[in-house]
S.K.: 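Have a look at this one.
So that the names make sense, note that chain A is the first sequence line, chain B the second, and so on, each numbered from 1. Just so you know, these numbers use all the heavy atoms, side chains as well, and skip hydrogens, waters and symmetry mates.
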Amino acid sequence: MAEISKTYNPREIEDKWYKYWIDNQYFRSKPNPNKEPYTIVIPPPNVTGVLHMGHMMNNTIQDVLTRKARMEGKEACWVPGTDHASIATEAKVVAMLKDLGINKNDLSREEFLKYCWEWTDKYGGIILQQLRKLGASCDWERTRFTMEPSLYDAVIDVFVDLHNKGDIYRGHRMVNWDPQAKTTVSDEEVIMKDVQQKLYYIRYEGEEGSVVIATTRPETIMADAAICVHPEDERYKHLIGKKVLIPLINREITVIADEYVSMEFGTGCLKVTPAHDQNDYALGQKHGLEIIDILTDEGKLNEKAVILVGEDRFVARKKIAKMLAESGNLVKEEDYKSTVGTSERTGAIIEPKISLQWFLKMKRLSEPALENVMNDTIQLIPPKFKNTYKYWMENVRDWCISRQLWWGHRIPAFYMPDGTCIVAKDKKSALKIAREKYQLYALSETDLTQDEDVLDTWFSSWLWPISVFDGFQDPDNEDINYYYPTNDLVTAPEILFFWVARMIISGYEYKGTFPFKNVYLTGIVRDKQGRKMSKSLGNSPDPIELIEKYGADGVRTGMLFSSPAGNDLPFDEKLCEQGRNFSNKIWNAFRLIQGWEVSPQSAIGSGRRSAQQSAGNKLALTWFRSKLNKVIAETLDHYSKFRMSDALMSTYNVIWDDLCSQYLEMIKPAYVDGKSLPIDQETYNATLEIFDELMRFIHPWMPFISEEIWQTIKTRAVNDSICIAEFPKGGEVNESLLADFELLFEIVSTVRNTRNAKQISPKEALPLAIKTDNQTRYESIADLIKKMANVSDIQYVTEKTNGMSFVIKGDELTIDLGENIDIEEEKAALQKDLDYIVGFKKSTEAKLSNERFVQNAKPEILEKERQKLIDAETKIKALEEALAKLG
RNA sequence: GGGAGUUUAGCUCAGCUGGUUCAGAGCAUCUGCCUUACAAGCAGAGGGUCACUGGUUCGAACCCAGUAAUUCCCACCA
């Protein structure tokens with residue numbers, strides 16, 4: 001046996017085993033009718049992204065689930081891939097070009113896309129490489145990308161299909177316009193910020209009387225289409241239907257009435273500016289008002305503003321205020337706190353802007369998606385998310401699927417010279433339609449222009465569980481039939497609506513069934529101050545550095561020690577340290593076993609006497625077997641309920657506490673004359689078997705160290721791996737033996753405690769006397785008591801002997817401390833015990849003498865209480881005797 | 001403004017049908033140990049009015065109502 005390092009050294013082995021796994025294709029999956037499929041599709045990270053702590057947690061969970069399923073004999077398939085992430089990637093490319101002095105607007109679409117692809121080729125897949133460091137057991141040959149041809153075509157086909165079904169339409173909508181980036185941004189990329197603003201009170205004169213309105217945006221008065229008051233508002237009833245003049249430009253507008261207006265706020269009069277406010281737009285629609293857009297794409301006033309043309313919106317605001325003051329229309333200014341939307345990318349204040357967009361009708365599509373989550377066909381874990389899901393799905397609005405970007409799936413809509421729109425998968429098909437449907441045979445491809453916009457990123461990722469198996473392009477292929485529906489999805493709750501719900505929708509629409517059975521929602525990884533980890537805050541550790549420092553296994557376990565589903569994880573490097581320490585513990589436990597000299601089992605003719613397995617070793621072995629089986633059952637239960645941290649913790653505890661602290665100490669050969677005695681072959685073999693099983697048990701969490709040790713335990717078949725070894729199933733549990741050992745541990749810890757309190761060295765063996773009616777019970781564990789507690793001798797007595805006494809389970813145990821005895825102290829300790837148990841007995845008696853308790857409580861509870869009383873009485877008797885003996 | 005969740009040890013969380021062997025775990029802290037696998041360790045210990053107030057019940061961390069703190073989601077009254 002070669003010298004093994006005293007500490008576990010992950011760096012040396014991780015790359016080695018990962019390569020071994022890949023070379024042997026353990027993660028490769030193909031449809032196998034003889035096996036049950038287990039499938040996970042990865043939430044595709046941004047193609048140009050780098051691994052952050054959220055990915056680490058998320059993907060570790062996926063890997064644990066996948067590895068366990070694989071070991072359970074399922075056909076495990078974890079499909080990796082990346083998302084083109086149109087806005088994020090385009091923003092990065094634009095920024096990169098800017099650094100090179102290139103303006104996106106100076107480029108043609110084709111030129112720009114070329115840069116995007118270059119960028120994707122350069123950075124794409126870094127994140128997938130990083131996942132390998134983590135040990136992710138993805139089937140890398142199945143890696144997909146949302147912009148690759150097959151997936152691109154799927155998106156286009158789905159668009160055309162939904163359009164043909166009448167679910168996709170074009171319509172006006174107020175979008176979030178970023179005047180700096182000159183693009184629309186989605187709602188989720190708008191960050192609301194509290195700002196201190198001014199509320200301007202402005203008087204609009206009219207022949208029948210004037211009104212005063214309150215606004216934070218005086219620069220938009222030139223876009224006003226009406227003044228609105230509440231129909232019941234006595235102050236203004238007489239003005240309804242009358243005209244007033246917009247100050248400065250003297251354009252006439254009408255006073256209208258709508259219940260939307262609150263009488264309490266401001267003056268009770270609202271200026272209606274349909275082009276520049278979401279609610280005003282809705283009001284305008286309702287009342288048929290004119291839409292006057294006075295802003296340019298840069299956020300400057302245009303000709304329609306009549307005055308201050310060319311001024312920036314915020315400059316204009318100040319100037320208008322001043323002009324209004326001069327004209328006498330400004331009644332007053334007030335400080336006012338409100339919120340404004342800002343662009344996540346540029347920080348610019350978002351301008352609501354009317355534009356023509358593509359929409360997907362959601363009502364019909366979302367019905368099965370709502371129903372099947374509510375009836376648990378698809379389970380959300382934790383289930384508390386059902387509430388928010390329900391609310392969202394019941395109030396679902398049509399999905400605006402167009403984006404004013406270039407990087408993405410270009411909308412397959414083609415316009416004829418007269419502006420008529422034809423939706424078709426490509427220009428050729430569009431032309432065919434133009435010719436056949438519109439009889440425009442003279443038309444050629446060059447007469448058709450394609451829509452400039454691309455589709456929302458989610459419009460491709462919502463197809464992911466189907467498209468990764470080519471379920472659109474080849475709907476009846478072997479993969480989709482075998483792997484779909486998938487089993488588990490692991491993702492963040494923030495994208496429950498954007499992504500998860502929509503995948504469920506597309507699943508029912510295109511496959512007629514759910515895309516996955518369980519949705520495990522992770523929390524957010526936060527820093528110690530509770531802040532979300534983000535690049536801009538710089539508070540996120542680099543996962544790869546963590547792996548180098550603590551080992552992949554250490555980081556994996558560290559992240560999952562305490563992160564129940566749906567709960568945020570306040571990350572602390574200490575957790576990784578704990579994970580690393582655990583690796584080390586396992587490593588050293590194995591080193592201990594490796595270091596033992598084994599006595600030959602059969603030494604006939606050798607002249608040497610072979611060591612027999614001692615009764616103590618045999619018993620220890622039987623106990624651990626039972627204990628492990630029990631823990632396996634509990635752990636499997638945790639897994640089945642997706643209590644991942646609990647599953648990890650019970651695995652951690654059985655290794656650290658039951659194996660290392662108890663079992664190994666029990667069977668550890670004695671040390672004589674500076675040399676460890678050999679261990680018997682039988683115990684040695686059985687211990688290696690146990691280790692083998694424990695490595696399989698921990699493998700989903702700690703793939704590297706478990707493989708390393710598993711391979712060292714014995715010579716394995718060529719190309720064998722723990723990855724495909726059997727996950728422990730558990731077995732019989734001998735409860736009475738477990739109870740005996742509980743007694744053993746209690747005695748051992750009592751003796752150790754006493755030693756500690758009396759400052760007696762653990763090396764000094766102490767004699768123990770036991771007064772009991774059940775001597776045989778103690779005899780079976782006597783050897784182990786001696787070894788674990790360093791007891792020199794055990795005597796069974798009928799009268800208390802000299803020494804420190806304790807009552808455990810009604811029996812009296814006395815440790816002979818020789819000179820160290822302090823009668824008063826001992827009496828005090830016994831008295832304390834007695835007081836407690838007497839109080840306990842009293843409360844139990846009170847309960848049992850309560851008629852209503854006896855009548856109402858379940859029989860087993862009643863029985864339990866009666867047993868408690870009997871136990872308490874036994875213990876009291878023993879304690880009293882012990883005390884009496886001391887005088 | 002609407003909705004949902006959370007509140008248990010210093011920290012992060014369990015506590016699954018209400019039943020004092022149920023007030024727990026891990027980490028942290030403290031005490032004693034370089035004991036012949038591991039100081040990245042060993043043996044121990046301390047620490048909680050289960051947010052607060054009421055109610056239901058023989059019995060409440062658990063069920064109900066209210067209050068407070070806090071988080072998230074949705075909407076965003078000019």
Side-chain angles (χ1 to χ4, degrees), chain A residues 4 6-8 192 199-200 213-217 228 260-262 264-267 269-273 277-280 336 338-341 382 384-388 390-392 395 493-494 496-497 524 528 530 550 554 561-564 566-570 572 574-575 577-596 637 641 643 645-646 648-650 652-653 660-661 664-665 668 671 674-676 748-749 752-753 755-757 759 761-763 790 839-840 843-844 846-847 850-858 860-862 864-865 867-868 871-872:
Chain A
I4 315 178
K6 203 169 164 180
T7 49
Y8 169 61
M192 300 309 286
L199 195 55
Y200 299 89
I213 57 96
T215 181
T216 54
R217 302 202 60 189
C228 191
Y260 164 76
V261 178
S262 135
E264 289 76 37
F265 187 89
T267 59
C269 293
L270 170 72
K271 80 191 224 5
V272 186
T273 320
D277 183 277
Q278 190 91 40
N279 296 302
D280 291 12
Y336 182 66
S338 70
T339 54
V340 296
K384 68 177 179 185
F385 286 107
K386 274 169 84 174
N387 279 329
T388 28
K390 179 167 181 255
Y391 181 82
W392 191 75
N395 297 285
E494 307 131 63
L496 184 57
F497 311 137
I524 296 166
K528 272 189 272 184
Y550 299 104
F561 275 130
S562 187
S563 48
N567 274 38
D568 288 356
L569 171 70
D572 186 334
K574 282 242 149 137
L575 291 166
E577 208 174 294
Q578 192 188 343
R580 178 203 57 184
N581 294 354
F582 184 41
S583 311
N584 204 44
K585 186 73 185 176
I586 295 173
W587 185 251
N588 277 295
F590 185 59
R591 262 184 68 213
L592 171 69
I593 299 168
Q594 288 292 84
W596 285 336
D637 184 54
K641 290 169 181 153
R643 297 163 178 254
S645 294
D646 289 343
L648 171 60
M649 199 44 76
S650 58
Y652 175 89
N653 284 331
C660 296
S661 300
L664 290 179
E665 293 300 331
K668 202 170 176 178
Y671 203 76
K675 198 170 172 289
S676 170
V748 169
S749 93
R752 284 173 179 169
N753 245 333
R755 230 192 264 281
N756 235 349
Q759 311 260 7
S761 158
K763 286 177 191 164
N790 195 15
F840 178 76
S843 80
T844 311
K847 201 180 287 183
N850 182 334
E851 259 178 59
R852 305 185 68 173
F853 171 70
V854 177
Q855 274 169 13
N856 296 326
K858 279 181 264 177
E860 59 265 31
I861 300 293
L862 206 56
K864 242 184 184 173
E865 288 301 316
Q867 189 55 48
K868 272 189 226 163
D871 290 349

S.K.: I'd like the P distance from B:G32 over to B:A25, given in whole Å.
M.R.: 24 Å
S.K.: In this structure, how many angstroms lie between the C1' atom of B:C73 and the CG atom of A:Asp568, rounded?
M.R.: 13 Å
S.K.: Would you kindly give the CZ-to-C1' distance between A:Phe561 and B:U12, to the nearest whole Å?
M.R.: 13 Å
S.K.: Closer to the 5' end of RNA chain B via nearest nucleotide, is it A:Pro570 or A:Ser749?
M.R.: A:Pro570
S.K.: Write down the distance separating the C1' atoms in B:G54 and B:C13, rounded off to the nearest Å.
M.R.: 29 Å
S.K.: Could you tell me whether the phosphate oxygens of B:C58, OP1 or OP2, come under 4.0 Å of any side-chain nitrogen or oxygen in A:Arg852?
M.R.: yes
S.K.: Just the rounded figure in Å: distance from P of B:A25 to CZ of A:Arg643.
M.R.: 17 Å
S.K.: Below 4.5 Å, heavy atoms only, C-beta onward: do A:Phe561 and A:Leu648 meet side chain to side chain?
M.R.: yes
S.K.: Between atom NZ in A:Lys668 and atom C1' in B:A37, what is the gap in whole Å?
M.R.: 7 Å
S.K.: Does B:A68 have a Watson-Crick or wobble partner in any strand here, with both distances under 3.5 angstrom, and which is it?
M.R.: B:U7
S.K.: Distance criterion of 3.5 Å, no angle test: do you see the side chain of A:Glu665 paired donor-to-acceptor with the base of B:A37?
M.R.: yes
S.K.: Taking OP1 and OP2 of B:U35, is either one under 4.0 Å from a side-chain nitrogen or oxygen of A:Arg752?
M.R.: no
S.K.: Below 4.5 Å, heavy atoms only, C-beta onward: do A:Glu865 and A:Phe853 meet side chain to side chain?
M.R.: yes
S.K.: Any side-chain N or O of A:Asn581 below 4.0 angstrom from OP1/OP2 of B:C38?
M.R.: no
S.K.: State, with a plain yes or no, whether a side-chain heavy atom of A:Asp637 is found less than 4.5 Å away from one of A:Asp646.
M.R.: no
S.K.: For B:C27, does OP1 or OP2 lie under 4.0 Å from any side-chain N or O of A:Lys574?
M.R.: no
S.K.: Check every strand shown and say whether A:Asn753 touches a base, only sugar-phosphate, or nothing at a heavy-atom separation below 4.0 Å.
M.R.: sugar-phosphate
S.K.: If you look at every strand shown and take non-hydrogen atoms under 4.0 Å, does A:Asn584 touch a base, only sugar-phosphate, or nothing?
M.R.: base
S.K.: Where each residue is assigned the nucleotide of RNA chain B containing its nearest heavy atom, which of A:Phe497 and A:Leu199 is assigned the position nearer the 5′ end?
M.R.: A:Phe497
S.K.: If I take atom NZ in residue A:Lys271 and atom P in nucleotide B:A78, what distance separates them, rounded to the nearest angstrom?
M.R.: 12 Å
S.K.: A:Asp572 has an atom CG; how far is it from atom P of B:U12, in whole Å?
M.R.: 11 Å
S.K.: Considering just the side-chain nitrogens and oxygens of A:Arg580, establish if one lies under 4.0 Å of OP1 or OP2 belonging to B:A40.
M.R.: no
S.K.: Below 4.0 angstrom from OP1 or OP2 of B:C42, is there any side-chain N or O of A:Lys585?
M.R.: yes
S.K.: Starting from C1' on B:C73, measure out to NZ on A:Lys390 and report it in whole angstrom.
M.R.: 15 Å
S.K.: Measure the shortest side-chain to side-chain distance between A:Leu664 and A:Lys668 over non-hydrogen atoms and say whether it is less than 4.5 angstrom.
M.R.: no
S.K.: Under 4.0 Å between a Lys/Arg side-chain N and an Asp/Glu carboxylate O for A:Glu577 and A:Lys574?
M.R.: no
S.K.: Measure the distance from OH on A:Tyr652 to C1' on B:C27 and round it to the nearest whole Å.
M.R.: 8 Å
S.K.: Which part of the nucleic acid does A:Cys228 contact within heavy-atom distance under 4.0 Å: base, sugar-phosphate only, or nothing?
M.R.: nothing
S.K.: Which base, if any, makes a Watson-Crick or G-U wobble pair with B:U31, both distances under 3.5 Å?
M.R.: B:A43
